[in-house]
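Before any comments, here is the structure.
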Amino acid sequence: SVSWDTDIRFSVNIKDGALIYGPRGMAFQEVNASIVINNNDVYIQSASCRSGSSFLSLKGQAPGILNTNAKDLRNSLLNWEIKSSYINLEDFTTFLGQRKKGSLTGKTNSNEAKSDFGKHLERYLDSCRLRMKLDIDALRFEKFTATGLSGIVQLTDDNWSLEAIRFNH
């Protein structure tokens, strides 16, 4: 496990990057981000990316995500603000499926042990609650189109809840 004896603060900037979110197998291109690490907390001050034909602008925070000594992560909250001029939900259907276990830390042999930190990240993402505040100009899924979508979507365990969702159809 990791323990900090002093305050650790630094930032990471990404310009024109690409990444794959392993647990969902989702690819993102044109990634630009400003990320701040403050001890055990991670703050996405700004991020933008494209996935398929969808464009996302994100801000978020993951308090305690780096605290490998935390035992009960069910009260952890991954908090996102998501804005977009256009989202095609077909670009995100893999997000709606079940997470692929063991894929966050990369490919390993079955005999090869994952790092403690990699195990912690998987445990955090499996256990935490997810809250997404949405502001989307246009959303499409197959033949359905909505405009002016706003509201809050939350995921706790396997339960999705919608709060104050508004849109025009």
Side-chain angles (χ1 to χ4, degrees), residues 9-38 40-66 73 76-108 114-115 117-158 160-162 165 167:
R9 293 186 179 123
F10 62 93
S11 62
V12 175
N13 293 306
I14 301 169
K15 184 165 175 56
D16 295 325
L19 65 92
I20 294 178
Y21 176 55
R24 303 286 184 188
M26 293 177 59
F28 296 92
Q29 301 80 31
E30 301 171 29
V31 176
N32 294 288
S34 175
I35 303 167
V36 173
I37 309 296
N38 187 354
N40 290 317
D41 306 329
V42 174
Y43 301 94
I44 310 296
Q45 291 185 322
S46 66
S48 62
C49 61
R50 180 180 57 81
S51 182
S53 61
S54 301
F55 297 92
L56 301 173
S57 176
L58 308 152
K59 285 172 135 178
Q61 49 189 270
I65 192 169
L66 302 179
L73 297 171
S76 299
L77 176 65
L78 188 56
N79 197 16
W80 286 104
E81 289 181 35
I82 302 171
K83 294 184 179 189
S84 178
S85 58
Y86 177 78
I87 291 180
N88 184 341
L89 282 181
E90 292 178 39
D91 295 332
F92 298 95
T93 54
T94 58
F95 182 75
L96 300 175
Q98 190 170 13
R99 287 181 76 240
K100 298 174 190 171
K101 300 291 184 189
S103 59
L104 181 66
T105 56
K107 295 179 181 177
T108 60
K114 289 183 189 170
S115 71
F117 185 70
K119 289 177 188 176
H120 167 75
L121 281 180
E122 284 191 16
R123 205 166 51 89
Y124 182 95
L125 294 173
D126 280 343
S127 303
C128 76
R129 296 174 295 129
L130 173 63
R131 180 181 188 274
M132 298 178 289
K133 182 179 177 186
L134 305 174
D135 183 3
I136 301 167
D137 295 339
L139 177 124
R140 181 171 181 207
F141 184 68
E142 295 178 351
K143 294 181 181 181
F144 174 81
T145 301
T147 58
L149 175 67
S150 65
I152 296 172
V153 176
Q154 297 189 78
L155 174 62
T156 303
D157 297 318
D158 290 327
W160 292 87
S161 67
L162 308 175
I165 298 292
F167 63 90

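Computed from a predicted structure; not experimentally measured. Note that these values count all heavy atoms, side chains included, but never hydrogens, waters or copies made by symmetry.
- For the atom pair Gln45 CD and Ser11 OG, the distance stands at 7.5 Å (nearest 0.5 Å).
- Remark: side-chain polar atoms of Ser84 are paired, donor with acceptor, to backbone N or O of Phe55 under 3.5 angstrom.
- Contact annotation: the side chain of Asn13 never approaches that of Asn32 to less than 4.5 Å [non-hydrogen atoms, C-beta and beyond].
- Contact check for Asp41 versus Leu66: no side-chain heavy atoms found under the 4.5 Å cut-off.
- For the pair Phe167/Ser150, no side-chain contact is recorded, criterion being any heavy-atom separation below 4.5 Å from C-beta on.
- Listed here is the closest heavy atom pair of Ala27 and Ser51: O-OG, 3.0 Å.
- From Gln154, atom CD reaches atom CZ of Arg129 across 7.5 Å, with rounding to the nearest 0.5 Å.
- Heavy atoms only, all atoms of each residue included: Val153 and Trp160 are closest at CG1-CE3, 3.5 Å.
- Taking the six-membered ring where the residue is Trp, Phe92 and Phe28 present tilted rings, their angle falling between 30° and 60°.
- The shortest side-chain heavy-atom distance between Leu121 and Ile65 falls under the 4.5 Å cut-off.
- Counting heavy atoms from C-beta on, the side chains of Leu56 and Ile87 come closer than 4.5 Å.
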| field | Steps toward side-chain contact (heavy atoms from CB on, under 4.5 Å) verdict (Ile152, Leu162) | value | CA-CA 6 Å; Ile152 296 172; Leu162 308 175; over 6 Å; no
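- With Phe10 as the fixed residue, the side-chain contact (heavy atoms from CB on, under 4.5 Å) test singles out one of Ile35, Val36, Ile37: Ile37.
- With hydrogens and angles disregarded, no donor-acceptor distance shorter than 3.5 Å links the side chain of Thr147 to the backbone of Ala138.
- Here the CZ-OG distance, from Arg123 to Ser76, works out to 9.0 Å after rounding to the nearest 0.5 Å.
- Ser54 and Asp91 share a donor-acceptor pair across their side chains, judged by distance under 3.5 Å alone.
- Put simply, CD1 on Ile82 and CD1 on Ile136 are 7.0 Å apart, with the number rounded to the nearest 0.5 Å.
- Within the model, atoms CD of Glu142 and CD of Glu90 stand 5.5 Å from one another, a figure rounded to the nearest 0.5 Å.
- A donor-acceptor pair under 3.5 Å is absent between the side-chain atoms of Asp16 and the main chain of Glu30, judged by distance alone.
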| message | What verdict does the side-chain hydrogen bond (donor to acceptor under 3.5 Å, both in side chains) test give for Arg9 and Asn38, after you've listed the backbone C-alpha separation in whole Å, the side-chain angles of each residue and the deciding distance to 0.1 Å? | response | CA-CA 5 Å; Arg9 293 186 179 123; Asn38 187 354; 2.8 Å; yes
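- Distance check: Thr156 OG1 to Leu130 CG gives 8.5 Å after rounding to the nearest 0.5 Å.
- Smallest separation of non-hydrogen atoms from Val31 and Cys49: CG2-CB, 4.0 Å.
- Judged by distance alone, with hydrogens and angles left aside, the side-chain atoms of Arg131 form no donor-acceptor pair with the main-chain N or O of Lys133 at under 3.5 Å.
- No donor-acceptor pair closer than 3.5 Å links the side chain of Asp135 to the backbone N or O of Lys83.
- Looking at Leu139 and Thr145, their side chains never come closer than 4.5 Å, going by heavy atoms from C-beta outward.
- Contact annotation: the side chain of Thr93 approaches that of Phe141 to within less than 4.5 Å [non-hydrogen atoms, C-beta and beyond].
- With a 4.5 Å cut-off on side-chain heavy atoms, Trp80 and Leu58 count as touching.
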